2 protein chains.
Amino acid sequence: MKNRRRDPSTPTPLNLGEFLCFAVYSANHAFNRVYQPLLRDLGLTYPQFIALVLLWAQDNQTVGELGQKLFLQSNTLTPMLKRLETLGYVRRTRDSADERQVRISLTEDGQKLQLLASDIVRRVRHATGLQNNQVEQLLDEISALRKALESHIAR
Amino acid sequence: MKNRRRDPSTPTPLNLGEFLCFAVYSANHAFNRVYQPLLRDLGLTYPQFIALVLLWAQDNQTVGELGQKLFLQSNTLTPMLKRLETLGYVRRTRDSADERQVRISLTEDGQKLQLLASDIVRRVRHATGLQNNQVEQLLDEISALRKALESHIAR
DNA sequence: AGCGATTTAATCGCACACGATATACATGTC
DNA sequence: GACATGTATATCGTGTGCGATTAAATCGCT
């Protein structure tokens, strides 16, 4: 039960190791670096891979739909999707019913990538060193954290 | 105990909500967005703030020392520290004993910022909606995750 | 039908982040 | 002391991210 006396003229020293935000920040970087060598052969970056995961689950989504799920806006997505188009993994076509919307659909090559994706995901999960139930628990906790932060942002 | 039959020609569908990496990725973004309005008045970005946290704990560190703690290299840090210098919060001076090293020291203005920092950190902690012991537990879990990922990268 | 408000993407400028490389300095070996 | 080796920082190019703005299409209201 220590109650150390401190010089009141200097603020409480902040220890970066105690920052939850920094733990999250550096864990995110670590994930990035684990994915990188696995994705290099496919010419993909980690965010691009995440976008493809969404498209494998549901093809032909609009830019806005993808952005809602990824928490990204068109200013980030549009250039990224254009790169995926250049790579030959997706097509970008205006929706004929609503010309404001751009629909992203997988090419045949883009669909084929999914065959490799499961293996990549498996490897990354292995790299976490966690059991399935631990992954689930941590995932729930971090998701709850994100939601709490977002509800705070909304105010 | 469902054991759905699947078409063996199509891969297992991947659900982004089950990706621990994505939970971490989006939680990191959420932190960023919570910090942003709090730091705007100081002209600081979130990574810049984190760098200052390190300098408040120990002034006059080298670029390399900061990079080791932030998991960043000079190609990221140098421009960022130059911006902090332009803002008038730090000075960049070559170490006279070893001219290869650049030492980063806080200006008077940079030191003063610490008075506001504790309040910002307190607000962000409040935004997480977590109790102190919950923060500690989650921090330990995420740090362990980062370490596991990094030890995997090292191989 | 007409027209302002809303929605959807795209564009621009800036700030990370990193791989690859360059440059200057320091160290060790002969 | 010279030269190879190693180290610390800086530079360059590319790819996210985001705030602010723009442009085009649609909606809603009268």
Side-chain angles (χ1 to χ4, degrees), chain A residues 21-22 25-37 39-40 42-52 61-68 70-87 90 92-104 150 153, chain B residues 21-22 25-37 39-52 61-68 70-87 90 92-104 153:
Chain A
C21 63
F22 183 68
Y25 167 91
S26 54
N28 184 47
H29 283 216
F31 265 122
N32 223 308
R33 287 175 55 201
V34 170
Y35 267 106
Q36 224 163 251
L39 295 174
R40 190 171 301 147
L42 310 178
L44 290 174
T45 66
Y46 170 51
Q48 287 167 5
F49 178 77
I50 295 296
L52 286 175
Q61 294 186 69
T62 67
V63 173
E65 283 168 348
L66 291 172
Q68 206 161 5
L70 294 169
F71 309 102
L72 295 174
Q73 290 89 50
S74 66
N75 50 5
T76 299
L77 273 175
T78 297
M80 194 176 97
L81 294 170
K82 282 187 176 173
R83 282 179 208 111
L84 285 175
E85 189 179 38
T86 303
L87 287 167
V90 306
R92 300 166 55 254
T93 49
R94 291 265 164 200
D95 187 320
S96 55
D98 184 344
E99 294 264 339
R100 291 173 303 182
Q101 299 186 23
V102 170
R103 295 206 167 266
I104 312 299
E150 273 170 3
I153 293 163
Chain B
C21 63
F22 184 68
Y25 167 92
S26 53
N28 183 48
H29 282 213
F31 265 122
N32 224 307
R33 288 175 56 200
V34 170
Y35 267 106
Q36 223 163 253
L39 295 174
R40 190 172 300 147
D41 297 341
L42 309 178
L44 291 174
T45 65
Y46 170 51
Q48 287 168 5
F49 178 77
I50 295 296
L52 285 176
Q61 295 185 68
T62 67
V63 173
E65 283 167 348
L66 291 172
Q68 206 161 6
L70 294 169
F71 309 102
L72 295 174
Q73 290 89 50
S74 66
N75 50 4
T76 299
L77 273 175
T78 296
M80 194 176 97
L81 294 170
K82 282 186 178 175
R83 279 176 213 116
L84 284 175
E85 189 181 37
T86 304
L87 287 167
V90 307
R92 300 167 55 254
T93 49
R94 291 265 164 201
D95 188 320
S96 56
D98 184 345
E99 293 264 338
R100 290 173 303 181
Q101 301 185 82
V102 171
R103 293 205 168 268
I104 311 299
I153 294 164

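Residue numbers begin at 1 in each chain, while the letters A, B, ... track the order of the sequences. Keep in mind that what you see is a predicted model, and the values were worked out from it rather than measured.
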Tell me whether the OP1 or OP2 atom of [N] has a side-chain N or O from [X] closer than 4.0 Å.
X       : N      : value
A/Tyr25 : C/dA17 : yes
A/Gln36 : C/dG19 : yes
B/Thr45 : C/dC16 : yes
B/Arg83 : C/dC16 : yes
A/Thr62 : C/dA9  : yes
A/His29 : C/dC18 : yes
A/Arg92 : C/dA10 : yes
B/Gln48 : C/dC16 : yes

[X] [atom1] to [N] [atom2]: how many Å, rounded?
X        : N      : atom1 : atom2 : value
A/Ile104 : C/dA9  : CD1   : P     : 8 Å
B/Leu39  : C/dC16 : CG    : P     : 11 Å
B/Glu99  : C/dT27 : CD    : P     : 12 Å
A/Leu72  : C/dA10 : CG    : P     : 14 Å
A/Asn28  : C/dA17 : CG    : P     : 10 Å
B/Arg94  : C/dA24 : CZ    : C1'   : 8 Å
B/Met80  : C/dA15 : CE    : P     : 12 Å
B/Ile153 : C/dC18 : CD1   : P     : 10 Å

[X] to [Y] - nearest heavy-atom pair and separation:
X       : Y       : answer
B/Pro47 : B/Met80 : O-CE, 3.5 Å
B/Leu81 : B/Val90 : O-CG2, 3.8 Å
B/Leu84 : B/Ala51 : CD1-CB, 4.4 Å

Quick check: does any side chain N or O of B/Gln48 sit under 3.5 Å from a backbone N or O of B/Thr45, one acting as donor and the other as acceptor?
->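 Here the side-chain-to-backbone pair exists.
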What nucleic acid atoms does [X] come within less than 4.0 Å of, heavy atoms only: base, sugar-phosphate, or nothing?
X        : result
B/Thr76  : base
B/Asn75  : base
B/Ala51  : nothing
B/Arg103 : nothing
B/Leu77  : nothing

Does A/Arg100 or B/Glu65 map to a spot on DNA chain D nearer the 5' end, using the closest nucleotide for each?
->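 The answer here is B/Glu65.
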Ion pair A/Glu85/A/Arg92, N-O distance below 4.0 Å =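 Salt bridge between A/Glu85 and A/Arg92, a charged N being under 4.0 Å from a carboxylate O: yes.
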Check whether the ring centres of B/Tyr46 and B/Phe31 lie less than 6.0 Å apart, and answer yes or no.
->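 No, the ring centres sit 6.0 Å or more apart.
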Boundaries of the DNA chain D segment in contact with chain B, non-hydrogen, under 4.0 Å |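 Listing 5' to 3', DNA chain D meets chain B from D/dG6 to D/dG19.
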5' precedence on DNA chain C between A/Ser74 and A/Arg40 (nearest-nucleotide basis) |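 Counting from the 5' end, the first nearest nucleotide belongs to A/Ser74.
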Contacts of B/Tyr25 that satisfy ring pair (Phe, Tyr, Trp, His ring centres under 6.0 Å) - sequence neighbours left out =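 With sequence neighbours excluded, B/Tyr25 shows a ring pair (Phe, Tyr, Trp, His ring centres under 6.0 Å) to B/Phe22, B/His29, given in chain and number order.
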State, with a plain yes or no, whether a side-chain heavy atom of B/Asp98 is found less than 4.5 Å away from one of B/Thr62.
->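 No, side chains not in contact.
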